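Source: prediction; values computed, not measured. Lettering follows sequence order; numbering is per chain, from 1.
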Number of protein chains: 2
Amino acid sequence: MRKIENLDNILRQKGLRATAQRLMICDEINKAGHIEIDNLYENLKKQIPSLSLATIYKNMHSLVKKEIISEVNIKGRKTIYEMTTESHIHYICTECGVIEDIAFDTMALVDKISELSEKNITDCKLTTFGLCTNCAN
Amino acid sequence: MRKIENLDNILRQKGLRATAQRLMICDEINKAGHIEIDNLYENLKKQIPSLSLATIYKNMHSLVKKEIISEVNIKGRKTIYEMTTESHIHYICTECGVIEDIAFDTMALVDKISELSEKNITDCKLTTFGLCTNCAN
DNA sequence: CTACATGCAAATTTTTTGCATTACA
DNA sequence: TGTAATGCAAAAAATTTGCATGTAG
């Protein structure tokens, strides 16, 4: 939820134009933390009534390709988007479905599994599941 | 790719009927290791020309619910299905996209992350990425 | 027999595409 | 001004649903 510093410049440096729609999309993803396409569209439509769903889809592609945002895929759920940030893993509540980030450097894990499996492993995605504090009550 | 022992019985024990279609679907997923809906349909259509895509979808739901098969979700790819087996993680080649299993017990990892994050974590999904042996050449 | 499963067709939902128009750089 | 981005509408993909018929148990 923190402010995105110089998003205009980041976009331009990566070769994308800083359009109002694109800025708002990034801002909304940043505010939401984790969001799916239809919620994103719904939320932004209020602020930019002319906004097209096609524009959102096109932006998701370009922003993912430039690694400004990232896709999160969870079993049985629609694709979720988040701002690309430093190494973290996801925590999903098995009851309410809320998604939280856990700061975790996966590189040691990558090395360990690379060694024991004798495969070339350079990256990994880790998603954890459990009952969140709210739902535990 | 190993033979499924007593699939008929397993299905019935879980309250599903052992129809020809359902048995073939399981057999095909088992043979393939990892497969997506449309390949599954294509392959089985040769053997059961009357087979309907709707039947596949309906079976995927019932078989997943009974935990006989599992969904695998990978960024930017269609949902993949596999037989439910003991703890393992996935390895995806970043070049050719092939999916391999790595035997790995995630429970120690679950405990470790649960402790350091102070969250209740009971399960996790781990997917690893790298350049497979074939593509490295 | 009877409840569950299948197959078909139609309906939804999700995502992509082409093209004219707009607007950033 | 040139090129990328937007918005719209239409198309394509992916998934779900209702219902008549078939079949496992």
Fill in: Contact under 4.0 Å: Thr55(B) side-chain N or O vs dG7(C) OP1/OP2
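So the side chain of Thr55(B) is within the cut-off, an N or O lying under 4.0 Å from OP1 or OP2 of dG7(C).
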
Discussion item. Using OP1 and OP2 only, check whether a side-chain N or O of Tyr57(B) sits under 4.0 Å from dT15(D).
Written reply: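 Yes, within the criterion.
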
Please report, rounded to the nearest Å, how far the [atom2] atom of [N] is from the [atom1] atom of [X].
| X | N | atom1 | atom2 | result |
| --- | --- | --- | --- | --- |
| Leu63(A) | dA4(D) | CG | P | 16 Å |
| Leu16(B) | dA24(D) | CG | C1' | 12 Å |
| Leu23(B) | dC4(C) | CG | P | 18 Å |
| His61(A) | dT15(C) | NE2 | C1' | 8 Å |
| Met24(A) | dA23(C) | CE | C1' | 17 Å |
| Lys45(A) | dG7(D) | NZ | P | 8 Å |
| Gln21(A) | dA23(C) | CD | C1' | 10 Å |
| Tyr41(B) | dT15(D) | OH | C1' | 14 Å |

Worksheet entry | Glu67(B)/Lys14(B) salt bridge by N-O under 4.0 Å criterion |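 So Lys14(B) does not pair with Glu67(B) through a salt bridge.
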
Worksheet entry | Pair Lys75(A) + Glu71(B): basic N to acidic O under 4.0 Å |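 Looking at Lys75(A) and Glu71(B), the cut-off is not met.
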
Item to complete: Just report the end-to-end axis angle for the helix from dC1(C)-dG25(D) to dA25(C)-dT1(D), five pairs per end, to 10 degrees.
Response: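 The two end axes of the helix from dC1(C)-dG25(D) to dA25(C)-dT1(D) meet at 50°.
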
Discussion item. Please tell me whether Leu7(A) and Ile29(A) are part of a single hydrophobic cluster in this structure, the criterion being side-chain heavy atoms less than 4.5 Å apart.
Written reply: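 In one cluster with Leu7(A): Ile29(A), yes.
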
Worksheet item: Per the side chain to side chain contact (heavy atoms under 4.5 Å, CB included) rule, which among Asn30(A), Ile35(A), Asp101(A) passes with Glu82(A)?
Response: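 Per the side chain to side chain contact (heavy atoms under 4.5 Å, CB included) rule, the option paired with Glu82(A) is Asp101(A), out of Asn30(A), Ile35(A), Asp101(A).
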
Worksheet item: At under 4.0 Å between heavy atoms, what does Asp38(A) touch on the DNA or RNA strands: base, sugar-phosphate, or nothing?
Response: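 No contact.
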
Fill in: Which residue lies more 5' along DNA chain D, comparing Arg22(A) with Thr19(B) via nearest heavy atoms
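Taking each residue's closest nucleotide, the earlier one in sequence belongs to Arg22(A).
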
Practice prompt. Using heavy atoms to find the nearest nucleotide of DNA chain D for Lys58(A) and Arg12(B) separately, return the residue whose nucleotide is more 5′.
Written response: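 Between the two, 5'-proximity favours Lys58(A).
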
Item to complete: Take Ile121(B) and Ile102(A) through the test side chain to side chain contact (heavy atoms under 4.5 Å, CB included) and record every step on the way to the result.
Response: CA-CA 11 Å; Ile121(B) 301 178; Ile102(A) 296 178; 4.0 Å; yes

Worksheet item: Is any N or O donor-acceptor pair between the side chain of Arg17(B) and the base of dA3(C) shorter than 3.5 Å?
Response: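 Flag set: donor-acceptor pair detected.
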
Worksheet item: Quick one: do the His34(A) and Glu100(A) side chains pair a donor with an acceptor below 3.5 Å?
Response: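 Not at all, the side chains of His34(A) and Glu100(A) share no donor-acceptor pair under 3.5 Å.
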
Fill in: Validation row: Arg22(A), Arg17(A) side chains within 4.5 angstrom (heavy atoms)
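They are in side-chain contact.
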
